Protein chains: 2
Amino acid sequence: MASTPKSKPATAEDVAELAGVSRWTVNRAFKKDASISKRTLDRVMKAAARLDYAPDLLAASLASDRSNLVSLLIDDFANPHKLVMLEALTRVLGAHGLDVLLVNTASQKDTQDALRTARQRRVDAAVLIGSQLSDDLIAQAKGTDHIGKLIVFARLSSEVQAVSICVDDRSAMAVMTDHVLSGGYSRPLFLAGPQTRSAHLLRQQTFVEGWQSATGFRPEDHVVGSYDPRQAYRQVTSFLKGCPEDSWPDVIVCENDALAVGTIDALRHEFGRNVPGDLAVTGFDDTPQAADQSYQLTTYRQPISAMAEALAQVVLGQRDEVGLDRFTGELVIRRSA
Amino acid sequence: MASTPKSKPATAEDVAELAGVSRWTVNRAFKKDASISKRTLDRVMKAAARLDYAPDLLAASLASDRSNLVSLLIDDFANPHKLVMLEALTRVLGAHGLDVLLVNTASQKDTQDALRTARQRRVDAAVLIGSQLSDDLIAQAKGTDHIGKLIVFARLSSEVQAVSICVDDRSAMAVMTDHVLSGGYSRPLFLAGPQTRSAHLLRQQTFVEGWQSATGFRPEDHVVGSYDPRQAYRQVTSFLKGCPEDSWPDVIVCENDALAVGTIDALRHEFGRNVPGDLAVTGFDDTPQAADQSYQLTTYRQPISAMAEALAQVVLGQRDEVGLDRFTGELVIRRSA
DNA sequence: TTGTAGGCGTTATCAC
DNA sequence: GTGATAACGCCTACAA
């Protein structure tokens, strides 16, 4: 129907000719401000429709130095929460006219590459949603200076070159700590994810110190190598197998839901324990699984959509970059603790 | 360290000047064939390194009409299997030098938009990983003709404009049917996902007809509105509540794991049944969850990485487009059936 | 409101 | 092997 199939796409020039105007007028017609008369605009749009014309974003980016592209770097696809974030980010950024470049940075080299291509594609921002090594990578990254903006999403970064968009881990974990304290448990265990930099230990630190100052006892902790439910399953299993029966925890506070889900499974299937009957467990993130009847996980829900919204505004330069690491979510109390 | 921070990125021109060659030589140095003398190449590369130069992909795409960009359209983030696909696709395409544009096409309008921007960004291919409406959308889509390639991934499409990369549903489901038949069940139920076009009914049809021709009985079926474990949970619950006790199925064959997981949860938590003790369940996809102790789901594993590899080759024009809808995976037998 | 230069940083192609 | 010319399709000025 429209235009000539199999041929090259129409350009502003073609439309201009058909509409009887200059091609600059055509380009203007496709911008929001559009200082153009209604009549010519109509004519242009009609011609454009007939030729199935749409402005070339490559040429536009090249000329304007704004790509409306954001690249998302993810190094961990084992945590189901990543899918939730991707959904929110693509939805919200898309609504703002920003396209998303998704990059799998499973290896360190990949992250360097990703940052380099991000620059080569002139992305307006590179967003790290990685769990691991973010800070080290940012610090090392060559060419970081030419990337529009460097943003760490859903994780606090201590790197000054980057801006963090995340919840206030300290206050979030304080709320969780209070809840756990009110449960009357006496032997808590904190299950942490991969240890990288100091900023990442905030949840653990907040819980441990909060508990200690309230009870006088310093909780145990254990570290899992990645935010993967299956790995948590294995590590929790071997850890608890090494624990004398009488020194078992009665509540396991996990750094996030991925760890919590693996923990609950291990407790059930490796040790035949009930949650919360024999042992309580808490998470962080409120992934879809957390709400399942099988888990009914007490957790903390981050305002992902609002955070994504903030990200969009930062990228578009419509928002001040202060307070972005102070988002507040809410405690979701279910049956697991 | 390198170059001048906060300034604009270096161009080939800058490097040329520093290396004492012309800028065309610089550009040539950055291509694989590189018809260039070793000495000048060294000089150029050294200069490039000093200036932290990297070719501008926007300009390259504009001039060459190849963007090395593939856009992935996803309309359903509730199915955890999507994360597995995204991991494989980003990993494999990335290894081939293809970047991935991720687009959330939750609404029909979004898909049209996505296809349009795909064209505007001159993607080399648009890949639909949607579960719903793919065919209708493809058929309606304006501007489809200007998109390098239109590919439907992990789903058979009957649309001629698109090429499907997927397993042979018929043979895959035949294998599953045989397995279920050998289990000695007598009242199977097929749980299907959203019904769209005929191609999508292949698994159901294969199972139903296979069972019928083997036993003489035509299995019941039930339809779930989306590939969402939680929705499956609800719909299975209400469906079974309407079933007289004596006409309950003894095996539920699900179109995929998302439905199977929701089904198992519903059986356990709404009806107190055991799987496979009281009832067997099968899935399709072999998502990570399927391997969990909680489910131990018998399912069918698609060769996602190989399919992603094929996709890369098709996009790069290195592969014939035949047999792409005939991939073969393997039956994964666990405890659920 | 509309038209005009000049330039964005490459690639393709042809000279040397 | 290297240099040069002409696109690629648009945007930011500025002039009419």
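To find a chain, count down the sequence lines: A is the first, B the second, and so on, and within it residues start at 1. Keep in mind that this is a model prediction, so the values were computed, not measured.
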[N] [atom2] sits how many Å from [X] [atom1], rounded?
X: B/Arg66; N: D/dA7; atom1: CZ; atom2: P; value: 23 Å
X: A/Asn68; N: D/dC10; atom1: CG; atom2: P; value: 15 Å
X: B/Asn27; N: C/dA12; atom1: CG; atom2: P; value: 11 Å
X: A/Glu13; N: C/dT4; atom1: CD; atom2: P; value: 11 Å
X: A/Asp65; N: C/dT10; atom1: CG; atom2: P; value: 12 Å
X: B/Lys31; N: D/dT2; atom1: NZ; atom2: C1'; value: 15 Å
X: A/Glu17; N: C/dG3; atom1: CD; atom2: P; value: 14 Å
X: A/Arg39; N: C/dT2; atom1: CZ; atom2: P; value: 9 Å

Measuring to OP1 and OP2 of [N], would you say a side-chain N or O of [X] lies under 4.0 angstrom away?
X: A/Thr25; N: C/dT1; result: no
X: A/Ser64; N: D/dC11; result: no
X: A/Ser37; N: C/dT2; result: yes

Between A/Arg23 and A/Thr11, does any side-chain donor sit less than 3.5 Å from a side-chain acceptor?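 Distance-only check fails for A/Arg23 and A/Thr11.
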Check: A/His96/A/Glu309 side-chain N/O donor and acceptor closer than 3.5 Å: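 Side-chain D/A pair, A/His96 to A/Glu309: present.
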Quick one: does B/Trp24 reach the base of D/dT5 with a side-chain donor-acceptor pair under 3.5 Å?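 Indeed, a donor on one side and an acceptor on the other fall under 3.5 Å apart.
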Nucleotide of [options] approaching [X] most closely (side-chain heavy atoms):
X: B/Ala60; options: D/dC11, C/dT2, C/dT11; result: C/dT11
X: B/Tyr53; options: C/dT10, D/dC10, C/dG3; result: C/dT10
X: B/Ala12; options: D/dC10, C/dT10, C/dA12; result: C/dT10
X: B/Leu62; options: D/dC10, D/dC8, D/dT12; result: D/dC8
X: B/Arg28; options: C/dG9, C/dT2, D/dG3; result: D/dG3

Hey, which sits more toward the 5' end of DNA chain D by its nearest nucleotide, B/Thr40 or A/Leu57?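 The 5'-side residue here is B/Thr40.
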Relative to the 5' end of DNA chain D, which residue comes earlier, B/Arg122 or B/Val21, by the nucleotide with the nearest heavy atom?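 Upstream on the strand: B/Val21.
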Passing candidate, side chain to side chain contact (heavy atoms under 4.5 Å, CB included) with B/Val21, options B/Thr40, B/Ile36, B/Leu41: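 Exactly one candidate clears the test, B/Thr40.
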Charged N to carboxylate O under 4.0 angstrom, A/Arg39 versus A/Asp42?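 Looking at A/Arg39 and A/Asp42, the cut-off is not met.
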Could you measure the distance from the CZ atom of A/Arg116 to the CG atom of B/Leu57? Nearest 0.5 Å is fine.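 A/Arg116 atom CZ to B/Leu57 atom CG measures 9.5 Å (nearest 0.5 Å).
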